[in-house]
Amino acid sequence: MQNIKAEKNTMMETDDNKVEFGRYEKRLLLLLLISTIPNSFSSFQFLSTHYTPNFHCSSTVDSSALGESSTLTNGLLNNRSVVQGFFNDTSLNQNVCLHVNNSGNQANNSNGDNNRMLPCKSFQFENDVNTVISEFQLVCDKAWLKPTLTSLYMGGKMFGAMLGGFVSDRFGRRFGFLFFTALQFIFSLLTSFASSIPMYIILIFCSGMTGVANFEIAAVMGSEMVSYEKRGLNYFCCEMGFAIGYVILSLMNYLFTSWKWFLVFGGLVGFIYIPYYWLIDETPSWLLATGQNDRAKKILQKIAKYNGRNANLDARVSLIEKKCSENSSTSTVWSTVVQLSKDWRLIFRLFVVIFSWCITSLTYYVTTLNNDALSGNRYLNVFYGSLTEVLSGVIFYFFVTRLGRRKCYMSFMFIASIAVIAIPFLDHWNGTAAMVMNMLTKLSVAVAFCVLFLYTHELFPTHIRTSVLALSSAMSRIGSIMAPFVIYANESAEAIAPSIGIGVTVFISALSYILLPETKKAKLPQTIEDAKNLDRRQQLQPDHV
């Protein structure tokens with residue numbers, strides 16, 4: 001009995017070390033918070049670089065068809081009432097893209113005045129901003145390129161998310177994080193030098209490819225380095241870094257009137273992160289999952305010394321060796337994937353998660369990228385959107401630690417489904433009310449997005465944790481690829497039908513989470529069997545190193 005009691009005390013003492021949240025873990029979460037700040041520069045750059053300034057045809061116009069004679073002076077029409085019609089009135093939208101043909105013989109024109117209107121070949125934009133749209137004149141017959149370019153960026157994110165998961169699971173969390181973080185800044189700089197649409201297309205795709213992988217890896221890295229009680233705090237730090245970057249972006253949007261300088265600034269920020277090469281370590285969980293016992297011991301020793309807790313170091317190292325021995329039968333990513341595919345419960349779980357990622361991404365980017373089209377000052381709208389992102393991080397941490405992952409996701413997605421359906425109806429009544437409801441939708445979906453990042457990697461084993469998160473994120477880009485075209489279509493058509501469709505799909509996604517297990521106090525599954533055990537609705541004992 002005494003031996004059993006002594007062994008129990010030793011294990012309790014070891015567990016205290018395992019769940020310790022010391023100086024090392026606090027420093028890591030702070031580093032991860034700072035690392036995610038530039039991710040919003042990349043994700044939301046189009047609010048600045050793809051903004052469409054006021055414009056009109058740059059040809060001389062004999063506007064007798066408009067009821068009075070007027071010519072262009074310094075790129076603007078003399079009559080300001082006509083200017084307002086050219087810029088904003090959809091009833092005169094044809095005049096933005098057409099000009100009067102005065103070269104032909106009007107007496108011989110038997111088809112009427114309409115045949116005298118020809119498409120404009122060049123346009124005059126307001127001089128206060130220089131964007132990709134104004135530089136490459138992507139308006140009127142080329143307006144379709146605007147959502148296409150954004151979708152290509154999202155396609156790059158899809159490819160980058162899958163690549164990032166593979167690199168992280170194959171070569172390690174640290175390597176993947178540093179590699180994609182560096183590429184993110186490099187391609188931001190390179191994109192600023194784009195001198196043609198084909199060149200811009202290639203660079204914006206590569207920029208998207210590198211703009212999400214490091215964020216995903218950071219979220220997984222933090223969760224594997226802290227105890228289960230602090231996993232919510234870990235993602236809160238990642239999300240708050242992203243939200244702080246969003247706030248900074250709203251200031252950048254105001255200060256940098258040239259899209260090129262906006263991207264140059266986003267690239268030069270990367271020099272701040274050079275010390276991360278020495279500050280970030282590999283996670284012991286990945287090392288022991290891949291059989292690298294010696295490296296795992298060294299990292300654990302470093303953590304213990306940094307935290308000033310060396311007394312039970314031998315017990316902690318022994319725990320790692322024991323865990324390595326337990327997992328020796330599943331030492332490769334491929335063997336784990338094969339086992340995953342044989343269990344219908346895990347396949348169904350993966351399907352539900354991927355579907356929720358896709359619909360959440362669609363709704364999130366429709367509400368975010370549509371900020372420029374909302375009523376009011378566009379700079380303030382972006383700033384309000386950034387404050388919504390900050391608020392979503394705070395709300396996420398408050399509710400996810402109390403309600404759990406599943407209930408939190410379901411609650412906020414139910415709210416989002418109602419809000420997104422209400423937007424077009426409110427828009428006919430009051431523009432301000434529609435904007436408030438749009439922000440409520442964005443807030444709810446942003447909270448749900450936070451839950452997805454945390455919840456997804458808690459449902460699957462270590463060998464494929466980042467790969468599953470990357471696959472889910474990659475599939476979500478189907479929704480984000482569709483988002484620019486949804487916005488583009490709503491500019492010239494009623495938005496009621498799409499809003500109802502999106503709202504119903506959001507509701508179905510929330511309802512499907514009834515079928516998934518809660519992971520609030522469960523340990524991260526290390527093996528396929530651990531992942532299956534989550535379906536038993538039993539809280540597993542924390543066993544984190």
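Heavy-atom basis, side chains included; hydrogens, waters and symmetry copies ignored. In this chain, residues are counted from 1 in sequence order.
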S.K.: Calculate, to the nearest 0.5 Å, the distance between atoms CG and CE belonging to Leu403 and Met410 respectively.
M.R.: 11.0 Å
S.K.: Given salt bridge (charged side-chain N to carboxylate O under 4.0 Å, His left out), test Glu25 with Lys230 step by step and report yes or no.
M.R.: CA-CA 10 Å; Glu25 289 77 15; Lys230 301 299 181 181; over 6 Å; no
S.K.: For Glu458 and Leu454, work out which heavy atoms get closest and say how close.
M.R.: CG-O, 3.2 Å
S.K.: When you measure from the side chain of Ser417 to the backbone N and O of Phe414, does any donor-acceptor pair fall under 3.5 Å?
M.R.: yes
S.K.: Out of curiosity, Ser476 OG to Leu362 CG, how far, rounded to the nearest 0.5 Å?
M.R.: 10.5 Å
S.K.: Kindly check if the number of other-residue, nucleotide or ligand heavy atoms within 6.0 Å of NZ (Lys407) is above 12?
M.R.: no
S.K.: Report the relative orientation of the aromatic rings in His50 and Phe46; use parallel for angles under 30°, tilted for 30 to 60°, perpendicular for over 60°.
M.R.: tilted
S.K.: Can Ser480 and Lys157 be counted as having a side-chain donor-acceptor contact under 3.5 angstrom?
M.R.: no
S.K.: So how far is it from Leu29 CG to Met221 CE, rounded to the nearest 0.5 Å?
M.R.: 11.5 Å
S.K.: Any idea which heavy atoms bring Ser499 and Ile421 closest together, and the distance?
M.R.: O-CG1, 3.8 Å
S.K.: Parallel, tilted or perpendicular, judged at 30° and 60°: which one describes the rings of Tyr273 and Phe185?
M.R.: parallel
S.K.: Quick one: do the Tyr513 and Ser356 side chains pair a donor with an acceptor below 3.5 Å?
M.R.: yes
S.K.: Contact between Leu268 and Leu189 at the side-chain level, heavy atoms closer than 4.5 Å - yes or no?
M.R.: yes
S.K.: For residues Val129 and Ser134, determine if any side-chain heavy atom of one lies less than 4.5 Å from a side-chain heavy atom of the other.
M.R.: no
S.K.: Determine whether Leu138 and Ile197 make a side-chain contact, defined as any pair of heavy atoms from C-beta on separated by less than 4.5 Å.
M.R.: yes
S.K.: Is the side chain of Ser40 donor-acceptor paired with the backbone N or O of Tyr246 at a distance under 3.5 Å, no angle test?
M.R.: yes
S.K.: With no hydrogens and no angle check, do the side chains of Asn253 and Ser48 hold a donor and an acceptor under 3.5 Å apart?
M.R.: yes
S.K.: Parallel under 30°, tilted from 30 to 60°, perpendicular over 60°: which one fits the rings of Phe44 and Phe242?
M.R.: perpendicular
S.K.: What's the verdict on side-chain contact (heavy atoms from CB on, under 4.5 Å) for Thr131 and Thr52, showing C-alpha distance, side-chain angles and the deciding distance?
M.R.: CA-CA 7 Å; Thr131 68; Thr52 303; over 6 Å; no
S.K.: Has Ser188 got a side-chain atom pairing as donor or acceptor with Gln184's backbone, closer than 3.5 angstrom?
M.R.: no
S.K.: For Phe136, I'd like to know if atom CZ has over 12 heavy atoms of other residues, nucleotides or ligands within 6.0 Å.
M.R.: yes
S.K.: Identify the two heavy atoms, one from Val167 and one from Gly176, that lie closest to each other, and give their separation to 0.1 Å.
M.R.: CG1-CA, 4.0 Å
S.K.: Does a side-chain heavy-atom distance below 4.5 Å link Trp261 with Met252?
M.R.: no
S.K.: Any side-chain heavy atom of Phe399 sitting closer than 4.5 Å to one from Val451?
M.R.: no
S.K.: For Ser42, enumerate each residue passing the side-chain contact (heavy atoms from CB on, under 4.5 Å) test, keeping only those at least two apart in sequence or located in another chain.
M.R.: Gln45, Tyr153, Ser207
S.K.: Report the distance from atom CE of Met225 to atom CD of Glu282, rounding to the nearest 0.5 Å.
M.R.: 8.5 Å
S.K.: Between Val400 and Tyr235, does the side-chain contact (heavy atoms from CB on, under 4.5 Å) criterion hold? Intermediate values first, please.
M.R.: CA-CA 11 Å; Val400 82; Tyr235 189 76; over 6 Å; no
S.K.: Would Val468 and Ser472 count as a side-chain contact (heavy atoms from CB on, under 4.5 Å) if you check the C-alpha gap in whole Å, the side-chain angles of each, and the deciding distance to 0.1 Å?
M.R.: CA-CA 6 Å; Val468 169; Ser472 302; 4.2 Å; yes
S.K.: Between Arg402 and Phe398, is NZ or CZ placed under 6.0 angstrom from the six-membered ring centre and within 45° of the ring axis?
M.R.: yes
S.K.: Which pair of heavy atoms, one from Cys238 and one from Leu32, lies closest together, and at what distance?
M.R.: SG-CB, 4.4 Å
S.K.: Checking ring-ring contact (aromatic ring centres under 6.0 Å, His included) between Tyr200 and each of Phe187, Phe193, Trp259, which is the one that passes?
M.R.: Trp259
S.K.: Is the NZ or CZ atom of Arg23 positioned over Tyr306's six-membered ring, under 6.0 angstrom from the centre and within 45° of the axis?
M.R.: yes
S.K.: As a test of understanding, state which of Trp357, Phe396, Tyr409 forms a ring-ring contact (aromatic ring centres under 6.0 Å, His included) with Phe453.
M.R.: Trp357
S.K.: I'd like to check Ile201 versus Leu149 (side-chain heavy atoms, cut-off strictly below 4.5 Å). Are they in contact?
M.R.: yes
S.K.: Does Thr456 use its side chain to pair, donor to acceptor, with the backbone of Leu452 at less than 3.5 Å?
M.R.: yes
S.K.: Looking at side-chain heavy atoms only, is the closest gap between Tyr397 and Leu233 below 4.5 Å?
M.R.: yes
S.K.: I want to check something: taking the side chain as every heavy atom from C-beta on, are Phe177 and Ser168 in contact at a cut-off of under 4.5 Å?
M.R.: no
S.K.: Are the side chain of Arg174 and the backbone N or O of Ile280 linked by a donor-acceptor pair below 3.5 Å?
M.R.: yes
S.K.: OH of Tyr455 to CZ of Arg406: how many Å apart, nearest 0.5 Å?
M.R.: 6.0 Å
S.K.: What residues form a side chain to side chain donor-acceptor pair (under 3.5 Å) with Glu389, not counting sequence neighbours?
M.R.: Tyr364, Lys442
S.K.: Where is the tightest heavy-atom contact between Leu28 and Gly222, given as atom of each residue plus distance?
M.R.: CD2-CA, 4.5 Å
S.K.: Of all the heavy-atom pairs spanning Thr367 and Asn438, show the shortest one and how long it is.
M.R.: O-ND2, 3.5 Å
S.K.: Counting neighbours of CZ on Phe205 that are heavy atoms of other residues, nucleotides or ligands and sit closer than 6.0 Å, is the number greater than 12?
M.R.: yes
S.K.: Roughly how far, to the nearest 0.5 Å, is CD1 of Ile217 from CG of Asp169?
M.R.: 9.0 Å
S.K.: If you apply the rule side-chain contact (heavy atoms from CB on, under 4.5 Å), what do you find for Thr363 with Met413, and how did you get there?
M.R.: CA-CA 10 Å; Thr363 312; Met413 287 297 272; 5.8 Å; no
